[in-house]
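Residue numbers start from 1 in every chain, and the chains themselves are labelled A, B, ... in the order their sequence lines are given, proteins ahead of strands. Just so it is clear, the model here is predicted, and its values are computed rather than measured.
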Number of protein chains: 2
Amino acid sequence: MEPKIKIIVVDDHKLFLEGLCVLLSKQKNFEVIGKASNGKEALHLLNSFQPDVLIMDLNMPIMDGQIASEKVINLYPFLKILVLSMYNTVTLNADLKKLGIKGYLPKDTDSELLFSVINDIYDGKTYFKQPLEPCLPKNEFTLSDGFLKKHNLTHREVEILKLIGNNFSSSQIATKLYISIFTVDTHRKNMIQKLNVDNKNGLLNFAKENNLS
Amino acid sequence: MEPKIKIIVVDDHKLFLEGLCVLLSKQKNFEVIGKASNGKEALHLLNSFQPDVLIMDLNMPIMDGQIASEKVINLYPFLKILVLSMYNTVTLNADLKKLGIKGYLPKDTDSELLFSVINDIYDGKTYFKQPLEPCLPKNEFTLSDGFLKKHNLTHREVEILKLIGNNFSSSQIATKLYISIFTVDTHRKNMIQKLNVDNKNGLLNFAKENNLS
DNA sequence: TCGTATATACCGAGTATTAGGTATTTTTTT
DNA sequence: AAAAAAATACCTAATACTCGGTATATACGA
């Protein structure tokens with residue numbers, strides 16, 4: 001029997017951390033030798049334990065995953081790091097590659113893919129999941145009428161809300177939708193009232209929290 | 001031996017979903033009888049299986065957790081729903097209570113608390129974790145110098161960035177920090193350049209993605 | 001068909017942000 | 001002590017957002 005792949009997992013969401021560890025431990029060729037809730041704890045752990053693969057969440061308090069990864073790589077250049085994250089931007093993958101990280105996966109992948117990527121990385125390969133910008137345009141289809149009713153929004157308003165969430169200005173939105181800037185302003189104004197937020201930033205937050213961007 | 005508590009888990013992050021299910025299954029008085037990746041799937045599942053407790057994520061694509069919960073409660077008024085979420089706002093708990101949901105927990109709680117809350121809810125109690133606004137002020141202490149260096153930001157800039165992330169206007173920030181609005185503008189301008197974002201909204205996004213708010 | 005909801009467009013006045021600067025003081029580092 | 005970095009303050013002009021309105025055409029349901 002070949003030796004098990006030794007893994008340390010770092011994530012601040014404790015439920016996710018524990019769940020993931022159990023999931024990995026159930027695989028017969030993986031062994032979770034440690035877990036940490038933030039970058040600092042992870043560095044501490046690495047003083048005592050040397051894993052083959054380090055699974056690291058980005059977006060953690062105390063010490064951000066990217067910074068922690070940087071430090072880890074400086075200290076242990078041959079340690080293979082797999083990054084998990086919720087957000088994915090166009091430049092993120094490039095940044096991670098430059099850092100010397102061996103792989104990236106979004107948090108909504110299924111476990112089978114995770115397992116195979118861990119094996120691949122252990123074997124010296126790399127794997128970077130591409131962000132799917134053009135795919136999943138979050139069109140009308142995915143928006144239930146329930147969502148509209150719940151927030152008392154109309155289709156057109158949500159359409160504009162998405163554009164606001166994607167950081168377009170009123171005049172840009174007006175151009176894009178072939179309507180007057182006054183109309184865009186009106187819709188924005190109405191949404192601010194309906195959603196009970198203070199200003200455009202509130203709409204931006206709402207869009208982000210409801211995955212409208 | 002008393003009967004096990006039957007549970008269905010709904011979450012779009014597949015890794016989290018699988019991990020959580022395994023975690024729950026390992027407890028001897030829980031039995032996971034189903035899992036779903038969105039509200040629609042959950043409603044489908046409930047046609048065939050009746051759990052004692054439904055664990056539901058908010059913030060899902062296809063069908064949002066809150067809407068799904070509403071529908072579920074209409075169909076099965078006696079089903080106990082426990083909501084998990086990453087974001088927590090002041091009004092969220094109130095909304096959930098009004099809906100008839102039995103409990104709320106943030107996603108970074110540890111498993112022990114989750115287990116005990118599931119038991120409590122099963123026993124007819126409710127549990128709503130209070131949002132901790134004043135706590136965790138994300139002060140200078142939690143911000144590593146690494147973070148500053150990585151993004152080439154200064155302490156003062158991050159201080160202002162946090163306030164921008166918390167939706168304060170330049171003039172409000174100026175008042176709060178006892179400095180001129182011009183100074184705030186300068187810092188904002190510099191950060192927009194340093195972080196390579198388009199405008200204030202970009203800063204808002206950056207703040208949000210880096211947990212600065 | 002009649003009302004309601006929706007989408008559209010406009011006005012004015014005030015406030016905020018943005019993109020170019022320049023420039024001084026304070027703090028930190030060498 | 002000198003140099004570099006950080007924080008401070010100011011200017012102008014353009015653009016964007018906000019809040020108080022009003023108003024019309026169109027689509028949709030009872």
Undergrad: Without decimals, in angstroms, what is the distance between A/D185 CG and D/dG20 P?
TA: 15 Å
Undergrad: Send over the distance from B/I181 CD1 to D/dC11 C1', rounded to a whole Å.
TA: 14 Å
Undergrad: A/K194 or A/I179: which one's nearest nucleotide on DNA chain C is closer to the 5' end?
TA: A/K194
Undergrad: Indicate, yes or no, whether a donor-acceptor pair under 3.5 Å links the base of D/dC10 to the side chain of B/T186.
TA: yes
Undergrad: Has the side chain of A/T183 got a donor or acceptor atom that lies under 3.5 Å from a matching backbone atom of A/I179?
TA: no
Undergrad: Can you measure A/R188 atom CZ to C/dT8 atom P for me and round it to whole angstrom units?
TA: 15 Å
Undergrad: Just how far, in rounded Å, is C1' of D/dC17 from CD of B/Q172?
TA: 14 Å
Undergrad: Taking all non-hydrogen atoms of both residues, which atom of B/K14 and which atom of A/D108 are closest, and how far apart?
TA: NZ-O, 3.5 Å
Undergrad: CG of B/N196 versus P of C/dA19: gap in Å, rounded?
TA: 12 Å
Undergrad: Centre-to-centre under 6.0 Å for B/H151 and B/F206, is that the case here?
TA: yes
Undergrad: Which of these nucleotides, C/dA19, C/dT18, C/dC10, is closest to any side-chain atom of A/K189?
TA: C/dC10
Undergrad: Measure from CZ on B/R156 to C1' on C/dT27 and round the result to the nearest Å.
TA: 13 Å
Undergrad: Could you tell me whether a side-chain N or O of A/Y76 sits under 3.5 Å from a main-chain N or O of A/P51, the two making a donor and an acceptor?
TA: no
Undergrad: For a quick check of understanding: with a heavy-atom distance under 4.0 Å over all strands, which category does B/T183 fall into, base, sugar-phosphate or nothing?
TA: base
Undergrad: Is there a side-chain polar atom (N or O) of A/T154 under 4.0 Å from OP1 or OP2 of C/dA5?
TA: no
Undergrad: Would you say B/S170 places a side-chain N or O within less than 4.0 Å of OP1 or OP2 belonging to C/dT17?
TA: yes
Undergrad: Measure from the side chain of B/S180, starting at C-beta and using heavy atoms only, and say which of D/dT18, C/dT6, D/dA9 lies closest.
TA: D/dA9
Undergrad: D/dA7 P sits how many Å from B/N190 CG, rounded?
TA: 10 Å
Undergrad: Within the structure, does a side-chain N or O atom of A/H155 lie under 4.0 Å from either OP1 or OP2 of C/dT6?
TA: no
Undergrad: Exactly one of B/V53, B/L84, B/L20 should register a side chain to side chain contact (heavy atoms under 4.5 Å, CB included) with B/V9. Which one does?
TA: B/L20
Undergrad: Pick base, sugar-phosphate or nothing for B/D198, based on heavy-atom distances below 4.0 Å to the nucleic acid.
TA: sugar-phosphate
Undergrad: Does B/H187 put a side-chain nitrogen or oxygen below 4.0 Å from OP1 or OP2 of D/dA7?
TA: no
Undergrad: Let me know the distance between CZ of B/F182 and P of D/dA13, rounded to the nearest Å.
TA: 14 Å
Undergrad: Nearest-nucleotide wise, let me know which of A/L177 and A/N201 is further upstream toward the 5' end of DNA chain C.
TA: A/L177
